[in-house]
Protein chains: 2
Amino acid sequence: VFLEKLRSAAQRNRSLLCVGLDPDAALAPAGLADDPDWVVRFNRGVIDATADLVCAYKPNVAFYEAMGERGWDALQRTIQAVPTGIPVIADAKRGDIGNTARAYAVALFEQLGADATTVSPYLGRDSLEPFLDYTDRAVLVLCKTSNPGGGDFQDLMCRFEGLDQPLYQAVARKASAWNVDGNVGLVVGATYPQELAAVRRLAPDLAILVPGVGAQAGDLAAAVRAAVDARGERAIITASRSVLYASRGPDWADAARGAARELRDAINVARATIA
Amino acid sequence: VFLEKLRSAAQRNRSLLCVGLDPDAALAPAGLADDPDWVVRFNRGVIDATADLVCAYKPNVAFYEAMGERGWDALQRTIQAVPTGIPVIADAKRGDIGNTARAYAVALFEQLGADATTVSPYLGRDSLEPFLDYTDRAVLVLCKTSNPGGGDFQDLMCRFEGLDQPLYQAVARKASAWNVDGNVGLVVGATYPQELAAVRRLAPDLAILVPGVGAQAGDLAAAVRAAVDARGERAIITASRSVLYASRGPDWADAARGAARELRDAINVARATIA
């Protein structure tokens, strides 16, 4: 079950840090990208260097799709390279209906073997059912995203259950209601610590995936304090580029390890300062 | 440019019908699915049998992803099998941010060579920008979807530009505002003809993709009349299973042609009865 796997990895490694595995040839260590199989080699190097410092890994499917058919193979082999006991979140932000949603669930949970995936809420409850049917995996619902345009719709004031509230809060309430099997979580960007705190109040038991630290430059401590649950857990603080591309020299794996350790420790300092 | 390509295919074939290319081994003609390459063989057969009856084809990417790495190859070869002059809509319902959205745009528009793709509005304007930058392609924004759960959020009353309105109407207004290069469209399910009419009023110039006829059983005539623009154009009426799997016998290609012709003609009858 996802939450248990997450908790035991988080406790074993004393870490809420999730490393995003987002290969980008333009940022790759010098010379490495000449190897046609560089993505898997690079990801393996990063995983080997950080596997005792993280609570999860999160490959973003888009970067693999952009490589064409060999991308899917690289993604599969990347997921296989993650040690058992560390959950993998396939960041796919899918959202479709009926048998199409089922096909995506099969692709992500069975073909790729991911422990969790991100989904868009826009199509509503029945679009998530094929994912929710996998009670041993998790479905992380986009709620308040880290990008500037996220507010276009997410911040619109809506009438929901008799209350006027921003759309993202209605999403948080709905997602909590959908969490009957303990396999629903939310995605809230680190760039919005106040909104993150509001979501945590509305969904005290849900795992919250928090992208946007590191390269996206949210205030780490504020985000961590807002995201964790009452026991200081169930927050998945994600950094990608700032860890992966900490160095472009031959020391890239060591540099990734150094950046991951620094982030993990900074997250733990922030957790320790909660009242 | 997408709208021109769409119009010229629609005029040449006197058709607003779009055939969804959604391979499903469980529904495939008897014997065919034993061939490991059946998907491309089947799609080619359907395309050959219907290419003079449609205004577009729409492969749903999920079905190909569910096949693993050979699925991407099958999708690429399917798109290559569509005659030049007929636009291809890669139904991917993507929605992500920044460089990730860019990676999806590269995958769909460059790797696959699709003329248009579907996207989710939840992440807002900047999530669509990398797609909108391709001014010769089109971006079809999910607005009011055909599934029962679509209303969970799409029907919430929101305050937008000083007016209380359902969220899907706010999406239609925003999408119209984003249409500076004439490359934005909307997706509205055939199962909601009243909402479809409301969207057409809010977005008189946009192409509207209308899934949900055929297997999803919307009222075809009502949907067509609500969807077309003032000239009886710019609606893309999509059927998938009812055409693809019209017969499971050796006559499957002829049966697909028969079903497509019937639908095309029924759509034209409905268009002709607009006041």
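Keep in mind that the numbers below use all heavy atoms, side chains included, and drop hydrogens, waters and symmetry copies. A note on names: the letters A, B, ... follow the listed sequences, proteins ahead of strands, and every chain is numbered from 1.
Looking only at heavy-atom pairs under 4.5 Å with chain A, the residue among B:Ala66, B:Ala92, B:Gly124, B:Ala107 that has the most is B:Ala66. If you tally non-hydrogen atom pairs under 4.5 Å between each of A:Leu142, A:Asp96, A:Val61, A:Asp73 and chain B, the highest count goes to A:Asp96. Of all the listed residues (B:Gln76, B:Glu110, B:Gln111), the one sharing the greatest number of non-hydrogen pairs under 4.5 Å with chain A is B:Gln111. If you tally non-hydrogen atom pairs under 4.5 Å between each of A:Gly71, A:Ala101, A:Pro148 and chain B, the highest count goes to A:Pro148. Per-residue heavy-atom pair counts under 4.5 Å with chain B were compared for A:Met157, A:Lys144, A:Glu129, A:Gln154, and the maximum is reached by A:Gln154. Among the candidates B:Leu108, B:Thr118, B:Leu123, the residue making the largest number of heavy-atom pairs closer than 4.5 Å to chain A is B:Leu123. Options A:Ser127, A:Gly95, A:Pro121, A:Gly151 differ in how many heavy-atom pairs under 4.5 Å they form with chain B, and the most are formed by A:Pro121.
Within residues 163-173 of chain B, the residues having any heavy atom under 4.5 Å from a heavy atom of chain A are, by residue number, B:Leu167, B:Tyr168, B:Ala170, B:Val171.
Within the 4.5 angstrom heavy-atom criterion, only side-chain atoms of B:Thr145, from C-beta onward, approach chain A. Proximity to chain A is limited to the side chain of B:Asn60, based on heavy atoms less than 4.5 angstrom apart. Heavy atoms of B:Arg94 lying under 4.5 Å from chain A belong exclusively to its side chain.
For A:Asp136, the side chain to side chain donor-acceptor pair (under 3.5 Å) test picks out no residue, with sequence neighbours left out.
In this structure, A:Trp252 and A:Phe42 have tilted ring planes: the angle between them lies in the 30° to 60° band. Ring pair A:Phe109/A:Phe131 is perpendicular by interplanar angle, where above 60° counts as perpendicular and below 30° as parallel.
Side-chain contact between A:Asn183 and A:Tyr134 is absent, with no heavy-atom pair separated by less than 4.5 Å. The shortest distance between side-chain heavy atoms of B:Leu186 and B:Leu140 does not fall below 4.5 Å.
Electrostatic pairing of A:Glu161 and A:Lys174 does not count as a salt bridge here, judged by no charged N lying under 4.0 Å from a carboxylate O. B:Arg70 has no carboxylate O lying under 4.0 Å from a charged side-chain N of B:Asp37, or vice versa, which leaves the two without a salt bridge. Salt-bridge check for A:Asp152 with B:Arg125: failed, with every basic side-chain N at 4.0 Å or more from each acidic carboxylate O. Between A:Arg41 and A:Asp35 a salt bridge is recorded (basic side-chain N to carboxylate O distance below 4.0 Å). Remark: A:Arg102 does not engage A:Asp133 in a salt bridge, criterion side-chain N to carboxylate O under 4.0 Å.
Using modelled atom types, no side-chain atom of A:Tyr104 and backbone atom of A:Asn99 make a donor-acceptor pair closer than 3.5 Å.
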